[in-house]
Protein chains: 4
Amino acid sequence: MEFNNNQAIYLQIAAYVCDQIQLQKWQADEKIPSVRELAVILEVNPNTVMRSYDHLQQQDIIYTRRGMGYFVNKDALQTITKTRKEEFLNEELPQVFRKMRLMEISGQEFLERFEKYKTNINLK
Amino acid sequence: MEFNNNQAIYLQIAAYVCDQIQLQKWQADEKIPSVRELAVILEVNPNTVMRSYDHLQQQDIIYTRRGMGYFVNKDALQTITKTRKEEFLNEELPQVFRKMRLMEISGQEFLERFEKYKTNINLK
Amino acid sequence: MEFNNNQAIYLQIAAYVCDQIQLQKWQADEKIPSVRELAVILEVNPNTVMRSYDHLQQQDIIYTRRGMGYFVNKDALQTITKTRKEEFLNEELPQVFRKMRLMEISGQEFLERFEKYKTNINLK
Amino acid sequence: MEFNNNQAIYLQIAAYVCDQIQLQKWQADEKIPSVRELAVILEVNPNTVMRSYDHLQQQDIIYTRRGMGYFVNKDALQTITKTRKEEFLNEELPQVFRKMRLMEISGQEFLERFEKYKTNINLK
DNA sequence: GTGGTCTAGACCACC
DNA sequence: GTGGTCTAGACCACA
């Protein structure tokens, strides 16, 4: 995985975990990769993965069972979807709108690029 | 000016300067506020403003004349518009598209919100 | 390290780092001294070293890894050698030539002094 | 005249004056341009030219006669030639030698470039 | 321990 | 007055 330098790695890992849950690749009460496993996969220090898991646990997205590992919380999917959607609509979109106006990008142009993006994704 | 805690102040100041240039409030070869002046206005340490100006100078957006101050570069407007647009289209938009798909927000819904935003802005 | 008063310390530190790389004492992807370490060694303020490292990072000579330190970029050696050579041939040499003509110093005399310099160095 | 940003403008102007004297374009006891004249020619603030003249006067290179202007000192040519030559041989040349070794530029290559330079100059 | 940002205050050279 | 550099000290986030 490639990390963006503008955001803490542990947050990017947490986001990655949320992605998996949101895409329903990791489902409720299912075990997720152990700290060490994920550390190897992502080529990161285990401490960093640990911190991500800590972070997610505090948000009730995952929970831990002694000696068994970390598991997806029952309502993780809902929680994630809800908070992410709120944040997106209230925080990010206005910024996007503002920039579109400044750079004179029309809603039409946006749509076209969106369609292009979707077909590109589906081909992969 | 209110600062956002997620981004370094000096970067926010740099962005602010770029905004002024993009809005053509500060034009080519025009003097911009001195380091000390802006520091007082924004209620920040002069060093912080200095750092912003340094940053902008390295991007050929402003230039300095000994003992006279900082001035807007001739093609600053172009440079800013170009780099900002590129960054928006190549970096930000794909992220937006990705999230829209994840959260099942349609292009239609986006457009509606955009129109709403535009009318809100115009009323102000 | 002794600093020359005609040039900013942070630039002299940057030059020192480049020297180390050019002499291959610090190799590609190798960690260089931490900001604090070097500050202690050179008896300067950490901020000053920081500024040097910042400067070198912008020139893609070193890079940083969060919480781990600064490392020599893969093609730092090439970059340094190339830019230094270019700068020397295009900027400095013409000045030297100019002065040699003004002061009537012949190419012959230059060569003699150069040979003398080289034997002196080798003796040390 | 184009100014180099690495050196104070008033020093560059002083060097320019010395050049003229060394090239014997301005001879002993001859009047040199007035502060205002030179300021116009070089597109600089008169204060800056003033400072250059001050500087040169302190080194006994020029002298002033009330209401008449500045004049080249009798032994200005000697003074300039001597101090410049000393500084060049003792300060600059060793630096040049050092860099030539680091960048593996041979005395032979130096000579070739020097000859090229001289023929270029003569054509102009 | 690492980098990174910010403040406060000082000093200098330049215009 | 302008920019530019440096120090000292603090605080934060990250690994």
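Proteins come first, then strands; the chains are lettered A, B, ... in the order of their sequence lines, and each starts at number 1.
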Contact class for [X] (heavy atom, under 4.0 Å): base, sugar-phosphate, or nothing?
X: B:R65; value: nothing
X: C:V44; value: sugar-phosphate
X: C:D54; value: nothing

### Task
Carefully, step by step, assess A:D29 and A:Y63 under the rule side chain to side chain donor-acceptor pair (under 3.5 Å).
CA-CA 9 Å; A:D29 285 320; A:Y63 61 92; 2.5 Å; yes
#### Entry: B:G67 vs B:Q7, nearer the 5' end of DNA chain E by closest nucleotide
B:Q7
### Message
On DNA chain F, compare the nucleotides closest to A:L11 and B:T64; which residue's is nearer the 5' end?
### Response
B:T64
### A:A8 vs C:R36, nearer the 5' end of DNA chain F by closest nucleotide
C:R36
### Summary
Using Watson-Crick geometry (N1-N3 plus N6-O4 or O6-N4) or G-U wobble (N1-O2, O6-N3), each under 3.5 Å, F:dC14 is paired with E:dG1
Side chains of [X] and [Y]: closer than 4.5 Å at any heavy-atom pair?
X: C:F71; Y: C:I32; result: no
X: B:E92; Y: A:Q95; result: no
X: A:I9; Y: A:L11; result: no
X: B:N73; Y: B:I62; result: no

Given [N], is OP1 or OP2 found less than 4.0 Å from the side-chain N or O atoms of [X]?
X: B:R66; N: E:dC15; value: yes
X: D:R51; N: E:dC14; value: yes
X: C:S34; N: E:dG1; value: no
X: A:Y10; N: F:dA15; value: no
X: C:T48; N: F:dT7; value: yes

### Task
Find the distance D:Q12:CD to E:dC14:P and express it as a whole number of Å.
11 Å
### Query
Does a distance-only test, which skips hydrogens and angles, find a donor-acceptor pair under 3.5 Å between the side chain of B:N47 and the base of E:dG9?
yes
